[in-house]
Amino acid sequence: MDYTFFLEWVQFAVRWLHVITAIAWIGSSFYFIALDLGLVPEPGAPKGVHGAAWQVHGGGFYHIQKYLVAPAQMPDRLTWFKWESYMTWLSGFAMMVVLYWTQAQFYLIDPRVMELPVWGAILISIGSLALGWLLYDLICKSSFGENNTRLMLGLYVILVAMAWGYTQVFSGRAALLHLGAFTATIMTANVFLIIIPNQKIVVADLMAGRTPDPKYGKIAKQRSTHNNYLTLPVIFLMLSNHYPLAFASAYNWLIASLVFLMGVTIRHFFNTHHAHKGKPWWTWGATAALFVAIVWLSSIPKADAGEDMEDSAMLTPFEQRFAAAPGFDEVSGIVMGRCSMCHANEPGYEGIGHAPKGIKLETPREIAAAARQIYVQAGLTDAMPPANLSYMEPQERAAIRAWFRAGEAGTQGTGETDRAEAAIAVPHPNAS
């Protein structure tokens, strides 16, 4: 059981936890927003009740009442909805660590975008998340944040700026993922630092016999509404790392920016419907138009798609270890013969329009850069080629395993390679 084998299972377990907790958080969030919007005044309701709703589920009827501030006295049993949010963020942060930090050379840093040392990239990663919350919270608490519409527009400008900024620093895949983490951090911080503390102030006032100040509920409602509109874009950004047409396109930052608008149009339809204010069907037309624009943007080729031969043959010091590892020439031949018909700038396999996951395997640099994926997909497992369409032999998979392990052994104990070191050129397969 080598390090990569173990790390794959750690990633799987953490991702599973992240998805489970995200389902719980998003489900409860959507439910309470729909419930809150659907409340109607009820004759004979207790004092302080803002509205009520009757619901049926699982064969039972539920009568739900909402107090605008709080009931006259604390109930004996009170359920808090907070751990769904906390665990979603904690598991997502764990995913960031085990995927993008421990394997920064593969997933976080792209020397074609910016030459960064591993430690520098990690500092930018964590620093940007903290900065995002501080900036957002400062704006919300300022006079600018007193107007909700103006505040939402200001937040959108910040998100667009961060989308562009991330693509100037990280790989496309990491940029969109970080934009999702940036937004999700704001959402969880809203729960942890604003919504729950405000609710606890109200509870403390009730227990002390004081009348709670309604401002705390108003502030919490504002932050909860923000979370509601940000949820769908965050899900898109978290899924984007599996789809290179989104993260590896020339205008990936603009695609992300339009996704935030799609989140607004979709949620506006459901929020309006749940509030019994009609069904604004125009929002679906707007959503479709935004999606068409996203698809079109993804089709525009990147400016560096025609990079010259010398640039495409450059290896970073980290990649050079795999290029110099015993068996690299043999593995290059195997990969080019068994994999490059799909993993190419212009795939030759019928039905494949783009290199799967954006991974191209036509040059020594590309093979060395994808060493870990090749090892996991074609060495440790027989996931690739799919259904073994190109007939990769068992001895070829064994050669891939031996090569990767030799290259990985060369990276241990080196303190992780600094990508800021000068790149080392290796011969391009088409060079004379």
Less than 4.5 Å apart, any side-chain heavy atom of [X] and any of [Y]?
X      : Y      : value
Trp403 : Glu330 : no
Leu37  : Phe270 : no
Phe269 : Trp282 : no
Asn227 : Val191 : yes
Phe182 : Leu177 : no
Ile300 : Tyr251 : yes
Val169 : Ile124 : yes
Glu362 : Met336 : no

### Task
Test side-chain hydrogen bond (donor to acceptor under 3.5 Å, both in side chains) on Asp382 and Asn388 and set out the steps.
CA-CA 7 Å; Asp382 61 357; Asn388 203 21; over 6 Å; no
Rounded to the nearest 0.5 Å, what separates atom [atom1] in [X] from atom [atom2] in [Y]?
X      : Y      : atom1 : atom2 : value
Leu230 : Leu232 : CG    : CG    : 9.5 Å
Leu159 : Leu261 : CG    : CG    : 10.0 Å
Leu239 : His242 : CG    : NE2   : 6.5 Å
Phe236 : Thr231 : CZ    : OG1   : 15.5 Å
Thr283 : Arg267 : OG1   : CZ    : 11.0 Å
Ile158 : Leu153 : CD1   : CG    : 11.5 Å

### Task
Go through the steps to decide whether Val118 and Ile109 satisfy the test side chain to side chain contact (heavy atoms under 4.5 Å, CB included), and finish with yes or no.
CA-CA 8 Å; Val118 170; Ile109 303 169; 4.2 Å; yes
### Task
Look at the aromatic rings of Trp54 and His63 and report parallel, tilted or perpendicular, splitting at 30° and 60°.
parallel
### Query
Do the rings of Tyr166 and His178 sit parallel, tilted or perpendicular, given the 30° and 60° boundaries?
tilted
### Query
Going through the checks in order, is the side-chain hydrogen bond (donor to acceptor under 3.5 Å, both in side chains) test met by Tyr31 and Gln55?
CA-CA 12 Å; Tyr31 171 73; Gln55 299 183 356; 2.9 Å; yes
Taking all non-hydrogen atoms of both residues, which atom of [X] and which atom of [Y] are closest, and how far apart?
X      : Y      : answer
Leu245 : Ser298 : O-CB, 3.1 Å
Ala355 : Ala344 : CB-O, 3.7 Å
Ser125 : Phe170 : N-CZ, 3.9 Å
Ile219 : Ile194 : CG2-CG2, 3.8 Å
Ala163 : Ala256 : CB-CB, 4.4 Å

### Message
Give me each pair satisfying salt bridge (charged side-chain N to carboxylate O under 4.0 Å, His left out) with a member in residues 22-39, each pair once, sequence neighbours excluded.
### Response
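Every pair satisfying salt bridge (charged side-chain N to carboxylate O under 4.0 Å, His left out) with a residue in residues 22-39: Asp36-Lys66, Asp36-Lys221.
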### Residue pairs passing the salt bridge (charged side-chain N to carboxylate O under 4.0 Å, His left out) test where at least one lies in residues 77-106, sequence neighbours excluded
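As it turns out, there is no salt bridge (charged side-chain N to carboxylate O under 4.0 Å, His left out) pair with a partner in residues 77-106 once direct neighbours are skipped.
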### Query
Between Lys360 and Glu346, is there a salt bridge with N-O shorter than 4.0 Å?
no
### Message
Test side chain to side chain contact (heavy atoms under 4.5 Å, CB included) on Arg223 and Tyr136; report intermediate values, then the result.
### Response
CA-CA 11 Å; Arg223 301 299 182 97; Tyr136 163 79; 3.3 Å; yes
### Task
Would you kindly check if the NZ (Lys) or CZ (Arg) of Arg150 is within the cone defined by 45 degrees around the ring axis of Phe144 and under 6.0 Å from the six-membered ring centre?
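The answer is yes, since Arg150 meets both limits relative to Phe144.
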### Task
Report yes or no: is the cationic atom of Arg405 (NZ for Lys, CZ for Arg) closer than 6.0 Å to the six-membered ring centre of Tyr3, at no more than 45° off its axis?
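The answer is no; the distance or angle limit is not met.
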Flag, side chain of [X] to backbone of [Y], donor-acceptor distance under 3.5 Å:
X      : Y      : value
Ser91  : Met87  : yes
Glu146 : Lys141 : no
Asn198 : Tyr216 : yes
Glu8   : Phe5   : no
Ser29  : Ile26  : no

### Query
So, for Tyr86 and Phe192, is the gap between ring centers shorter than 6.0 Å?
yes
### Query
Centres of the Trp253 and Phe247 rings: under 6.0 Å?
no
### Task
Using the side-chain hydrogen bond (donor to acceptor under 3.5 Å, both in side chains) rule, pick out the option among Glu393, His343, Glu396 that qualifies with Arg338.
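Of the listed residues Glu393, His343, Glu396, the side-chain hydrogen bond (donor to acceptor under 3.5 Å, both in side chains) partner of Arg338 is Glu396.
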### Name of the residue among Thr21, Thr185, Thr188 meeting side-chain hydrogen bond (donor to acceptor under 3.5 Å, both in side chains) with Trp89
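Going through Thr21, Thr185, Thr188 one by one, the side-chain hydrogen bond (donor to acceptor under 3.5 Å, both in side chains) with Trp89 is satisfied by Thr185 alone.
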Around [X], counting heavy atoms of other residues, nucleotides and ligands shown, do more than 12 lie under 6.0 Å from its [atom1]?
X      : atom1 : answer
Tyr243 : OH    : no
Trp9   : CH2   : no
Trp164 : CH2   : no
His276 : NE2   : yes
Trp16  : CH2   : no
Tyr156 : OH    : yes

### Phe322 vs Phe404, ring pair (Phe, Tyr, Trp, His ring centres under 6.0 Å): CA-CA, chis, key distance, verdict
CA-CA 7 Å; Phe322 288 100; Phe404 179 84; 5.3 Å; yes
### Message
Would Met392 and Arg397 count as a side chain to side chain contact (heavy atoms under 4.5 Å, CB included) here? Give the steps.
### Response
CA-CA 7 Å; Met392 184 177 287; Arg397 298 186 189 276; 3.7 Å; yes
#### Entry: CA sep, side-chain torsions, deciding dist, call: Trp101, Phe93, ring pair (Phe, Tyr, Trp, His ring centres under 6.0 Å)
CA-CA 10 Å; Trp101 290 8; Phe93 185 77; 5.4 Å; yes
### Query
Name the one of Val10, Ile122, Leu7, Leu108 that satisfies side-chain contact (heavy atoms from CB on, under 4.5 Å) with Thr102?
Leu7
### Query
How far apart are the C-alpha atoms of Cys140 and His226, what are their side-chain angles, what is the distance that settles it, and do they pass the side chain to side chain contact (heavy atoms under 4.5 Å, CB included) test?
CA-CA 11 Å; Cys140 285; His226 291 174; 4.2 Å; yes
### Task
Could you verify whether a donor N or O on one side chain and an acceptor N or O on the other, from Tyr107 and Arg372, lie under 3.5 Å apart?
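Result is yes, a qualifying pair exists.
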